[in-house]
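Have a look at the structure below, then the notes.
Side chains are part of it too, since the values below use all heavy atoms of this structure and drop only hydrogens, waters and symmetry mates. Residue numbers run from 1 in the order of the sequence given.
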Amino acid sequence: EAALTVTFGEREVMLRMLNISGVARVFTPPEPDFATGAVFGEVARLVGVDVAETAVAPGEVLPVTLHWEALGGETAVNYRVFVHLVAEDGAIIAQHDGPPVDGARPTNSWLAGEFIADAHPIDLAGVAFSGEVTLVVGLYDPQTGVRVALPVGGDSYVLPVGVTVGEK
């Protein structure tokens with residue numbers, strides 16, 4: 001617990017009390033629904049993904065949780081994550097872009113060997129599509145838009161899980 005104070009010259013005013021706690025770090029490997037091993041530069045390895053359902057109707061939300069392992073390459077960049085639902089013709093049907101753990105775990109704070117569970121719900125509101133889609137994941141610098149490359153080539157990874165969009 002700490003006091004938030006403001007000082008004006010010799011006068012000090014306490015605004016409020018705050019509870020300050022450290023980040024809970026996890027070093028035990030997760031057991032995701034679908035295992036992967038994609039390496040994104042020196043930043044992270046995507047250990048796997050949890051997808052609650054492999055069939056989703058337009059208007060619903062598809063919960064997707066990525067499991068990252070920090071590799072420990074020091075970086076000043078707070079990368080963002082993208083998860084795209086991509087149709088067979090390459091069109092992005094729906095997506096979720098955002099910082100890891102909704103901003104609570106920026107990539108420049110990750111420790112080598114740490115595992116991070118990172119939820120990215122994909123909202124299919126307004127989606128007028130029916131058919132098979134693939135899930136594509138990547139990391140990018142929000143300042144430049146430049147994506148983190150994979151050592152095997154490319155700048156995104158197709159997850160090993162198929163999803164069907166349409167009436168259930």
In Ile93, Val127, Ile122, the residue satisfying side chain to side chain contact (heavy atoms under 4.5 Å, CB included) with Val133 is Ile93
With sequence neighbours left out, the residues meeting side-chain contact (heavy atoms from CB on, under 4.5 Å) with Ala119 are Thr65
Run the side-chain hydrogen bond (donor to acceptor under 3.5 Å, both in side chains) test against Thr75 and tell me which residues pass, sequence neighbours left out. none
Taken in chain and number order and not counting sequence neighbours, the residues that satisfy side-chain contact (heavy atoms from CB on, under 4.5 Å) with Asn19 are Glu1
Qualifying side-chain hydrogen bond (donor to acceptor under 3.5 Å, both in side chains) pairs, either residue in residues 110-120, two or more places apart: Arg25-Glu114, Trp68-Asp118, His96-His120, Arg105-Glu114, Asp118-His120
Dump the intermediate steps for side-chain contact (heavy atoms from CB on, under 4.5 Å) on Val56 and Glu53, then the final yes or no. CA-CA 7 Å; Val56 62; Glu53 298 183 37; 5.5 Å; no
State which residue, out of Val81, Leu139, Thr107, fulfils the side chain to side chain contact (heavy atoms under 4.5 Å, CB included) condition with Phe40. Leu139
If you look only at distance, which donor and acceptor atoms sit under 3.5 Å apart when one is on a side chain in residues 2-17 and the other is two or more places apart or in another chain?
none

Quick one: name the residues clustered hydrophobically with Val39, using the 4.5 Å side-chain heavy-atom rule over I, L, V, M, F, W, Y, and just say none if it's on its own. Leu71
Keeping to residues at least two apart or across chains, list the side-chain hydrogen bond (donor to acceptor under 3.5 Å, both in side chains) pairs with something in residues 138-153. Asp97-Tyr140, Arg147-Asp155
Under the 4.5 Å side-chain heavy-atom rule for ILVMFWY, direct or indirect, which residues accompany Leu111? Phe27
If you define the side chain from C-beta out and look only at heavy atoms, does anything of Val101 sit under 4.5 Å from Ile116? yes
To the nearest 0.5 Å, atom CG of Leu62 lies from atom CG of Leu135 at 6.5 Å
Yes or no on side-chain contact (heavy atoms from CB on, under 4.5 Å) for Leu66 and Leu159, after CA distance, side-chain angles and deciding distance? CA-CA 10 Å; Leu66 305 173; Leu159 294 171; 4.3 Å; yes
For Phe115, what residues pass the ring pair (Phe, Tyr, Trp, His ring centres under 6.0 Å) criterion, not counting sequence neighbours? none
Give me each pair satisfying salt bridge (Lys or Arg N to Asp or Glu O under 4.0 Å) with a member in residues 34-46, each pair once, sequence neighbours excluded. Arg45-Glu69
Taking every heavy atom of Leu124 against every heavy atom of Ala57, the minimum-distance pair comes out as CB-O, 4.2 Å
Over all atoms of both residues, closest heavy-atom pair of Pro160 and Thr36: CD-CG2, 3.5 Å
Side chains of residues 82-90: which donor-acceptor partners sit under 3.5 Å, not counting sequence neighbours?
residue, atom, partner, partner atom, Å
Asp89, OD1, Ala91, N, 2.9

Under a 3.5 Å distance rule, please check whether Ser156 uses its side chain to pair with a backbone N or O of Val136 as donor and acceptor. no
Pairs involving residues 27-36, ordered by first then second residue, that meet salt bridge (Lys or Arg N to Asp or Glu O under 4.0 Å) (sequence neighbours left out): none
Can you check whether Gly131's main-chain N or O pairs, donor with acceptor, with Thr164's side chain at less than 3.5 Å? no
